[in-house]
Amino acid sequence: MSRRAVRSLLWMLFAGLLAACQPAAPQPTPTPLPAARQLLLARGDLFSASGDCAGCHTGLKDESGADVSIDAHWRATMMANAARDPYYRASVRSEVVRLPELRPAIEKKCATCHLGMAYTTALAVEESTAMLDDGFLSPQHPLFPLAQDGVSCTLCHQVQPDRLGTPASFSGEYVIDKTTPQGQRAIFGRFPVTESTAAIMRGASGFVPKQSEHLSGPNLCASCHTLFTTTVQADGTLAADPFPEQTPYLEWAHSQYAGQTVCQDCHMPTAQGAVRIANTGSQPQEPFFQHNFTGANAFMIGLIQANAEALQATAEDEHFDALQQRTQQLLQEQTAQLELSAQRSGSSLNVTVNVTSQVGHKFPSGFPSRRAWLHLTVRDASGTVLFESGQVQPDGSIPANDNDQDPARFEPHYDRITAPDQVQIYEAVMVDSQGAVTTTLLQAAAYQKDNRLLPLGFDPAQAAPEIAVQGQAAQDANFTGGADQVQYLITLADPSAPLTVEVELLYQPLSYRWIEKIRAQDTPESQNFTVYLQNAPAPTFLKVAASQLQVP
């Protein structure tokens, strides 16, 4: 018998012993959260928490020697902290307070993706899917460990390929096998499975690995990142047409990136060379998508890190720091570019700003609290500011933005800017059934403004209504797929030459009005968020791109 065969036989025997020792656990029992920020340990009929998976999928290196351990990359992400996110919790409570009669439906909708393991487990046995108060987020609830573990390993890797990428799968309508008993449940992965590795994994985790390519494509991501909500109209009735709360998948599908680039290429970049995906002696595999799920919510990552103990996060500072570095790199190197040109004639200065998007969907995309804007300054030879548009305050507000001054108004899209109280803000502004600006998701009936930067190849004229450009940007010939051009027509009073013109593209995951909405409410979740906000590192925004020139 060969050495490899002997080793495989030993692994199978070892796996058999592990399987025999696995305790039956029809429901996970509440597990006190460890002080050392260790990953959670819990095992139920359908799911296991991340701590059960990490033992075999840590200590991984790529060919450059870099640590690509799945647990080390995942644990600081917004996926891992989907249930801990204090703004998410406060927002759910806010919606419930405004529409208490719809509380069961609100909590069910919001738990589907953020607390998917607890939600699916409860659904399978026809129990309550409540999340607030004594629901999933209560430490006394039997499903609390699975709820607290957010978007964890055994959730995504158990999603069936059925109907992925179709409207039937959107808004969290992913399919999980709820009938196959523990010990026989399939867990999907990209790579071929040998008999020995299958035995090891089944013995250690209770799951049977199965190769499937559906985890590699954008259709899987679309099930939770394409979200439609139901509008509650002013008279209390429900609107017939759903509201597109976030649609990055549909935006991508209407761009030139579709068929060329997938979500994982940017948000789960591949490791260098082949990787042994388990530390139990597996064969090197490539390409290996790193589980760092790099997104754009740098502010919330910093807030969770600053309040890690209070929020019972399982990531250490080193994990948060690494994720912040990856997030800033994504935003500053792969998001947008700015180009400046200027002409001066006497006291008149004409500045042209060209913005080029490098993103495969709208920017910003996702939750509608996000915005980006142009901050342009003109200084004379002494450094004195002669003109400024888009200045931001330490509290994250933009003084020139109508919405930050008055929640009933909003700043329009501009093709030309002629005064400092005008600012180009790329954002989605929701209105209710009566046309009033709102930040309440279930009251949102339409977008009055959506001038978020479009991906390359996006044709506004052919876009479906749910991803269409809205407001004045729809009539702007300079606002196109992948780009926007803004003219600044500035009158100066005898400035000393040369002039220095600088423009920045700034980005804010949680814009001022959305934060103030939560701070103004009197709920336990809003009070907690306010405290966490005070501990969070400033500022609330990040510079994405910049350009500068001198005008003689």
Side-chain angles (χ1 to χ4, degrees), residues 78 82 85 88 91-92 94-96 98-99 101-116 119-120 123 129 131 151 155-156 159 162-176 218-234 236-255 258 263 295 360-370 427-435 437-450 452 454-455 458 462-471 514:
M78 293 308 301
D85 180 344
Y88 158 73
S91 294
V92 176
S94 174
E95 298 286 325
V96 166
R98 291 176 183 269
L99 298 163
E101 68 278 9
L102 295 178
R103 175 170 179 166
I106 293 171
E107 295 191 35
K108 181 177 180 180
K109 172 68 76 174
C110 296
T112 303
C113 291
H114 282 254
L115 290 70
Y119 166 81
T120 304
L123 201 66
T129 56
M131 55 175 284
V151 185
L155 178 64
C156 289
V159 173
D162 309 52
R163 71 193 189 196
L164 288 179
T166 70
S169 71
F170 298 161
S171 302
E173 293 297 327
Y174 51 82
V175 176
I176 299 288
N219 294 349
L220 175 68
C221 310
S223 57
C224 278
H225 291 281
T226 309
L227 177 60
F228 289 84
T229 55
T230 301
T231 301
V232 180
Q233 302 178 107
T237 61
L238 303 181
D241 295 328
F243 173 75
E245 189 248 53
Q246 56 179 285
T247 57
Y249 172 79
L250 300 179
E251 297 156 16
W252 165 86
H254 190 62
S255 77
C263 312
H361 44 68
K362 291 182 182 181
F363 177 74
S365 190
F367 194 68
S369 68
R370 302 172 178 180
E427 62 184 344
V429 176
M430 307 184 305
V431 292
D432 63 20
S433 59
Q434 295 185 314
V437 177
T438 183
T439 54
T440 300
L441 292 175
L442 288 184
Q443 291 178 345
Y447 289 109
Q448 189 70 26
K449 172 190 178 184
D450 185 357
R452 293 172 294 170
L454 304 173
F458 188 107
Q462 300 298 320
E466 58 265 25
I467 59 171
V469 177
Q470 302 290 349
W514 287 77

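For the single chain, residues carry numbers from 1 onward in sequence order.
Applying the side-chain hydrogen bond (donor to acceptor under 3.5 Å, both in side chains) rule to Arg452 yields the partners Asp450; only residues at least two apart in sequence or on another chain are considered. Taking the side-chain hydrogen bond (donor to acceptor under 3.5 Å, both in side chains) definition, one finds that Ser365 meets it with Glu251, sequence neighbours left out. With sequence neighbours excluded, the residues satisfying side-chain hydrogen bond (donor to acceptor under 3.5 Å, both in side chains) with Thr440 are Arg98. Residues satisfying the ring-ring contact (aromatic ring centres under 6.0 Å, His included) criterion with Phe363, sequence neighbours excluded, are Tyr507. Cys224 pairs by the disulfide bond (SG atoms under 2.5 Å apart) definition with Cys113, not counting sequence neighbours. In this structure, the side-chain hydrogen bond (donor to acceptor under 3.5 Å, both in side chains) partners of Asn219, at least two apart in sequence or on a different chain, are Tyr249.
For the atom pair CD1 (Ile467) and OH (Tyr447), the distance works out to 12.0 Å, reported to the nearest 0.5 Å. Taking OG1 from Thr229 and CD from Gln443, the interatomic distance works out to 11.5 Å, rounded to the nearest 0.5 Å. In this structure, the separation between NZ on Lys109 and OH on Tyr119 is 8.5 Å, given to the nearest 0.5 Å. Between Thr247 atom OG1 and Trp252 atom CH2 the span is 13.5 Å, to the nearest 0.5 Å. Between Thr231 atom OG1 and Leu238 atom CG the span is 9.0 Å, to the nearest 0.5 Å. Here CG of Asp85 is found 8.0 Å from OG of Ser91. Values are rounded to the nearest 0.5 Å.
Using a 4.5 Å heavy-atom threshold, the side chains of Pro167 and Phe228 count as separate. A heavy-atom distance below 4.5 Å is not found between the side chains of Glu95 and Leu102. For the pair Pro368/Glu245, a side-chain contact is recorded, criterion being any heavy-atom separation below 4.5 Å from C-beta on. Side-chain contact between Lys362 and Leu454 is present, with heavy atoms from C-beta onward closer than 4.5 Å. Taking the side chain as every heavy atom from C-beta outward, Leu115 and Tyr88 approach each other to under 4.5 Å. Residues Thr112 and Ser171 have side chains not in contact (no heavy-atom distance under 4.5 Å, counting atoms from C-beta outward). With a 4.5 Å cut-off on side-chain heavy atoms, Leu155 and Tyr174 count as touching. Ile176 has its side chain within reach of Val159: a pair of non-hydrogen atoms, C-beta onward, lies under 4.5 Å apart.
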Please determine whether side chain to side chain contact (heavy atoms under 4.5 Å, CB included) holds for the pair Ile106 and Lys108, giving the CA-CA distance in whole Å, both sets of side-chain angles, and the decisive distance to 0.1 Å.
CA-CA 5 Å; Ile106 293 171; Lys108 181 177 180 180; over 6 Å; no
Begin from the C-alpha positions of Val437 and Met430 and carry the test side chain to side chain contact (heavy atoms under 4.5 Å, CB included) through to its verdict.
CA-CA 6 Å; Val437 177; Met430 307 184 305; over 6 Å; no
With side chain to side chain contact (heavy atoms under 4.5 Å, CB included) as the criterion, how do Phe367 and Leu441 come out once you've worked through the C-alpha distance, each side chain's angles and the decisive distance to 0.1 Å?
CA-CA 10 Å; Phe367 194 68; Leu441 292 175; 3.6 Å; yes
Going through the checks in order, is the side chain to side chain contact (heavy atoms under 4.5 Å, CB included) test met by Met131 and His114?
CA-CA 10 Å; Met131 55 175 284; His114 282 254; over 6 Å; no
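When all heavy atoms of Ser255 and Gly360 are compared, the pair lying nearest together is OG-O, 3.8 Å. Here the closest heavy-atom approach between residue Leu164 and residue Ser223 is recorded as CD2-CB, 4.4 Å. Summarising the geometry of Gln246 relative to Pro248, their closest heavy-atom pair is C-CD, 3.6 Å, with the distance given to 0.1 Å.
For Ser433 (side chain) and Ala234 (main-chain N/O), a donor-acceptor pair under 3.5 Å exists by modelled atom type.
The number of heavy atoms from other shown groups lying within 6.0 Å of CG (Asp162) is above 12.
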